[in-house]
Amino acid sequence: MSQVWEVNFDGLVGPTHNYGGLARGNLASGANAGQLASPRQAALQGLAKMKALADLGLKQAVLPPHDRPHLASLRRLGFTGRSDAELLAKAIAQAPELVQGVYSASNMWVANAATVSPFADTIDNKTHFTAANLSSMFHRSIEAPTTERILRSIFVGDDYVHHPALPAGAFFADEGAANHTRFCHSYGQPGVELFVYGASAFNKLAPKPERFPARQTLEASQAIARHHRLAPERTVFAQQHPAAIDAGVFHNDVIAVGDSNLLFYHQLAFLESESLRSQLNDAYRAEEIPGSAGIEFIEVPALEVPIEDAVNSYLFNSQLLRRPGRKGATIVVPMECMHLRTVHGYLEWLQADHPAIDEVLYFDLKQSMRNGGGPACLRLRVVMSEAQINQCPARVFLDDALYGELVDWVNRHYRDELGAADLADPALMVEVQVALSELVQLLQLQTQEVGPIYDFQR
Ligand code: SUG
């Protein structure tokens with residue numbers, strides 16, 4: 001078997017990035033509603049992070065944005081028009097909140113696009129994908145069909161199994177990899193998969209948040225584990241602390257991050273941390289990996305970093321990366337972590353005194369952060385062998401040339417500013433369609449089996 005990598009696929013921010021205040025329970029989305037956004041800055045900030053990680057010798061790839069405004073959704077909701085512009089105008093007049101939803105660039109947060117189980121963990125040795133139904137919020141519930149087509153156009157062939165999103169509705173609410181973590185000794189060896197859920201849909205007596213919705217159910221996570229043909233002895237389910245959800249932790253990746261044999265999390269992340277640690281360790285040992293020393297846990301005490309500071313800084317919405325040749329992990333955090341004394345102090349301590357995480361890298365992702373999306377939200381991890389990377393038919397792996405072309409594409413097609421009033425401008429819709437038609441060519445997305453990626457091309 002050739003070398004195996006954990007590839008970070010980052011979502012390229014789409015040209016309609018704006019602050020709609022659409023995500024209840026996501027404090028940043030609510031607080032910044034109505035502000036002027038810069039789609040160009042947002043996309044360039046995301047690309048700069050991708051480039052920096054690629055330059056560190058890591059495998060970095062890109063996922064394209066979805067077509068917005070998603071007119072297919074407006075048609076599905078009964079709007080008609082002799083032209084797209086007329087349809088949009090009618091929708092704006094009758095249901096502006098729906099128009100806001102179909103304009104959202106929320107598909108940039110690809111940690112919510114799907115759950116991925118690498119081939120080493122599955123009984124059939126194939127990599128399984130389940131597109132997330134994102135059924136808790138209208139603006140995100142429209143993402144799954146396009147996500148599935150994008151994944152099918154990149155991960156092509158017998159090595160991959162693509163599952164459609166779970167049934168829509170509250171019972172199987174699923175928000176993808178943001179609530180899923182994989183632990184392993186090395187990426188190509190069997191690992192332990194942890195599914196974190198906000199509430200049980202069927203067990204009404206189980207604890208659940210009171211103020212904000214739980215966006216992932218236990219039943220959804222269990223269905224995905226079944227679809228992905230995971231070994232039960234290496235699969236663990238754990239509940240998020242309801243108090244964390246009520247404090248603004250709408251996905252587990254806002255309060256915990258894991259990679260390889262490391263779990264970095266806040267004291268209030270899980271309802272039963274102690275039991276989780278022992279379940280994870282039992283599952284990890286069941287692998288019987290020679291030389292594996294078990295999972296390392298770094299629990300951040302609430303006394304050192306209050307949960308409000310964790311949510312405001314997005315300390316845990318970070319990426320733990322294994323740079324070739326380095327012993328400890330590198331943690332990628334948003335710039336906001338520099339601005340809170342508790343959080344910055346903790347990171348300084350980690351870097352200086354903790355062998356497990358010995359490098360901190362700060363990135364300016366302000367445009368995405370204002371909608372509640374940090375470094376970890378912007379990426380979907382897919383374990384791939386060197387051979388799989390080489391066989392990939394799409395041009396999505398970031399090198400200097402692709403980076404340069406994408407920056408140029410953004411600069412030519414994106415607006416510098418976008419506010420709520422601009423969504424009524426039919427020229428914006430046309431600009432996006434022109435830009436995306438060019439992008440699918442640039443990325444050489446393989447559409448033979450799936451047909452055109454975007455609904456406006458279908
Ligand atoms: O689903 N924000 C996204 C942020 C997702 C972050 N992802 C992870 N934590 N993995 C959400 O809440 C806001 C859109 C707006 O208000 O315009 C939004 O959808």
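Any value given below was found using the heavy atoms of this structure, including those in side chains, with hydrogens, waters and symmetry copies removed.
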For atom [atom1] of [X], decide whether the heavy atoms of other residues, nucleotides or ligands shown that lie under 6.0 angstrom number more than 12.
| X | atom1 | value |
| --- | --- | --- |
| E272 | CD | no |
| L303 | CG | no |
| R412 | CZ | yes |

Return yes if a side-chain donor-acceptor contact under 3.5 Å exists between [X] and [Y], otherwise no.
| X | Y | answer |
| --- | --- | --- |
| K208 | Q240 | no |
| W5 | S385 | no |
| H66 | E143 | no |
| S117 | E193 | yes |
| S275 | Q279 | yes |
| H17 | Q367 | yes |
| N18 | Q100 | yes |
| Q388 | D159 | yes |

Check [Y] with [X], please: is the shortest side-chain N to carboxylate O separation under 4.0 Å?
| X | Y | answer |
| --- | --- | --- |
| R326 | E359 | yes |
| E6 | R182 | no |
| E405 | R395 | yes |
| K49 | D364 | no |
| D400 | K51 | yes |

Closest contact, heavy atoms only, [X] versus [Y]:
| X | Y | result |
| --- | --- | --- |
| G11 | V110 | N-CG2, 3.5 Å |
| V236 | A283 | CG2-CB, 4.0 Å |
| L439 | P64 | CD2-CB, 3.8 Å |
| H139 | G101 | CB-O, 3.5 Å |
| D358 | Q351 | O-CG, 3.7 Å |

Assert yes or no for the condition that the ring centre distance of [X] to [Y] is strictly below 6.0 Å.
| X | Y | value |
| --- | --- | --- |
| F264 | H266 | no |
| H227 | H128 | no |
| H241 | F270 | no |
| Y265 | F316 | no |
| F171 | F202 | yes |

Self-check item: With Y187 via ring-ring contact (aromatic ring centres under 6.0 Å, His included) - residues at least two apart
Solution: none

Can you tell me how far apart [atom1] ([X]) and [atom2] ([Y]) are? Round to the nearest 0.5 Å.
| X | Y | atom1 | atom2 | value |
| --- | --- | --- | --- | --- |
| L268 | I307 | CG | CD1 | 4.5 Å |
| R140 | S135 | CZ | OG | 12.0 Å |
| H163 | H228 | NE2 | NE2 | 4.5 Å |
| I295 | N281 | CD1 | CG | 5.5 Å |

Quiz item: Pairs in or reaching into residues 379-399: which pass ring-ring contact (aromatic ring centres under 6.0 Å, His included), with residues at least two apart or in two chains?
Solution: F9-F397

Self-check item: Worked check of ring-ring contact (aromatic ring centres under 6.0 Å, His included) between F237 and Y197
Solution: CA-CA 8 Å; F237 299 92; Y197 58 93; 7.5 Å; no

Heavy atoms, side chains only, cut-off 4.5 Å: are [X] and [Y] in contact?
| X | Y | result |
| --- | --- | --- |
| D408 | Y403 | no |
| F297 | L276 | no |
| L262 | I357 | yes |

Practice problem: Using the six-membered ring wherever Trp is involved, compare the ring planes of H162 and Y160 and label them parallel, tilted or perpendicular (cut-offs 30° and 60°). | Solution: tilted

